[in-house]
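Worksheet: the structure to be examined is printed underneath.
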Amino acid sequence: MSQEIVTLLKLLLIVAVGIGLYMLSRRGLQSLNKRELLSLMATTIYTSLVKWLLIIVVVLTGLNTLGISVISIWASLSAVLMLVAIGFVAVWSILSNVSAALLLVISAPFRIGDEIEILEPTTQDPEKPGLRGRIKDISFFYTTMEQAGEDEQPRLVRVPNNLFFQKAVRCWQGENTKGLKQALFSSASEKDKVESAL
């Protein structure tokens with residue numbers, strides 16, 4: 001018998017064992033469900049989990065039977081997954097601030113010129129003041145607040161937009177306020193005016 005036929009028979013045996021184990025585990029989980037030892041949702045979740053685990057084991061065992069190193073595949077896959085995870089974390093921070101800016105435009109909890117204070121949601125103790133200042137500007141990534149410093153000189157503080165959806169915000173309405181929609185899109189319209197003048 002040639003080596004190719006032996007390898008093919010081994011692969012068929014691995015697949016058959018995988019299917020057999022899946023059928024046995026599914027029947028066992030269904031019998032636990034019929035005896036009301038396992039809910040229908042848990043049965044569905046466990047059945048799906050067992051199926052995917054067996055698929056992974058069958059594929060890895062089959063590759064090993066064919067002489068393909070599983071360790072090198074796993075190392076390559078781990079490196080790719082790590083790069084994807086790092087990229088997702090970096091992009092997630094940017095996207096969360098942009099989506100928070102759009103939600104601030106829609107909900108309009110405060111306006112440019114209002115004075116706000118960012119507090120921890122659980123501690124609204126007046127003796128523990130939060131970050132307080134007058135809203136000067138808002139962009140797609142952060143909101144600029146003007147704070148009075150210790151020497152009464154104003155200083156600018158940039159707050160990430162997603163922070164307004166994680167903390168409690170106290171607001172005092174100011175005079176001559178400007179809507180956040182105007183603030184976000186005014187810089188773009190001013191840029192268009194300058195370009196058209198040139």
Side-chain angles (χ1 to χ4, degrees), residues 1-109 118-123 131 138-143 158-169 180-181 184-185 187-188:
M1 201 180 287
S2 68
Q3 185 67 30
E4 290 83 9
I5 294 175
V6 172
T7 305
L8 183 62
L9 288 174
K10 283 182 182 177
L11 287 173
L12 289 174
L13 181 64
I14 290 167
V15 171
V17 168
I19 291 172
L21 287 173
Y22 172 68
M23 299 298 281
L24 282 172
S25 62
R26 191 175 75 171
R27 282 184 187 167
L29 290 168
Q30 285 175 347
S31 75
L32 288 174
N33 182 25
K34 285 179 183 174
R35 293 181 196 164
E36 296 182 357
L37 296 173
L38 212 58
S39 68
L40 181 61
M41 183 181 290
T43 304
T44 307
I45 291 170
Y46 290 145
T47 304
S48 178
L49 185 64
V50 167
K51 179 177 84 170
W52 284 107
L53 283 174
L54 285 172
I55 286 172
I56 291 169
V57 169
V58 165
V59 167
L60 292 178
T61 310
L63 289 173
N64 200 18
T65 303
L66 291 172
I68 299 170
S69 174
V70 176
I71 295 171
S72 63
I73 291 174
W74 178 251
S76 303
L77 187 62
S78 298
V80 168
L81 289 175
M82 191 169 61
L83 288 173
V84 168
I86 290 169
F88 177 75
V89 168
V91 171
W92 173 82
S93 176
I94 293 169
L95 290 178
S96 68
N97 282 317
V98 170
S99 58
L102 295 176
L103 288 172
L104 286 174
V105 168
I106 293 168
S107 61
I118 302 171
L119 305 164
E120 289 293 330
T122 53
T123 59
L131 180 63
I138 186 168
S139 69
F140 281 107
F141 303 108
Y142 55 82
T143 298
R158 290 188 172 93
V159 181
N161 288 331
N162 59 10
L163 194 68
F164 293 109
F165 294 93
Q166 299 168 10
K167 307 283 184 184
V169 178
L180 298 181
K181 187 175 178 182
L184 278 173
F185 301 110
S187 59

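Considering only heavy atoms from C-beta on, Tyr142 stays 4.5 Å or farther from Val159 through its side chain. In this structure, Thr7 and Thr65 have side chains that are in contact, with non-hydrogen atoms separated by less than 4.5 Å. Annotation: side chain of Asn33 is not in contact with side chain of Leu29 (no heavy-atom distance under 4.5 Å). The closest side-chain heavy-atom distance from Pro109 to Leu104 is below 4.5 Å.
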Please evaluate residues Leu60 and Asn64 with respect to the criterion side-chain contact (heavy atoms from CB on, under 4.5 Å), reporting the C-alpha separation (whole Å), side-chain torsions for both, the decisive distance (0.1 Å), and the verdict. CA-CA 6 Å; Leu60 292 178; Asn64 200 18; over 6 Å; no
Give the C-alpha distance, both sets of side-chain angles, the deciding distance and a yes or no for side-chain contact (heavy atoms from CB on, under 4.5 Å) between Ile19 and Val15. CA-CA 6 Å; Ile19 291 172; Val15 171; 3.8 Å; yes
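Within the model, atoms NZ of Lys167 and CG of Leu119 stand 10.0 Å from one another, a figure rounded to the nearest 0.5 Å. Considering CD1 of Ile5 and CD of Gln3, their distance stands at 10.5 Å, rounded to 0.5 Å. Rounding to the nearest 0.5 angstrom, the gap separating the OG1 atom in Thr61 from the CG atom in Leu54 is 10.0 Å.
Other residues, nucleotides and ligands contribute more than 12 heavy atoms inside 6.0 Å of the CG atom of Leu66.
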Table please: side-chain donor-acceptor pairs of residues 20-28 below 3.5 Å, with sequence neighbours left out.
residue: Ser25; atom: OG; partner: Leu21; partner atom: O; Å: 3.1
residue: Ser25; atom: OG; partner: Tyr22; partner atom: O; Å: 2.9

Got a list of side-chain donor-acceptor pairs under 3.5 Å for residues 42-52, not counting sequence neighbours?
residue: Thr43; atom: OG1; partner: Ser39; partner atom: O; Å: 2.8
residue: Thr44; atom: OG1; partner: Leu40; partner atom: O; Å: 2.9
residue: Thr47; atom: OG1; partner: Thr43; partner atom: O; Å: 2.6

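In terms of heavy-atom proximity, Asn97 sits nearest to Pro160 at OD1-CB, 3.6 Å. Of all heavy-atom pairs between Ala101 and Asn161, the closest is CB-ND2, 3.4 Å.
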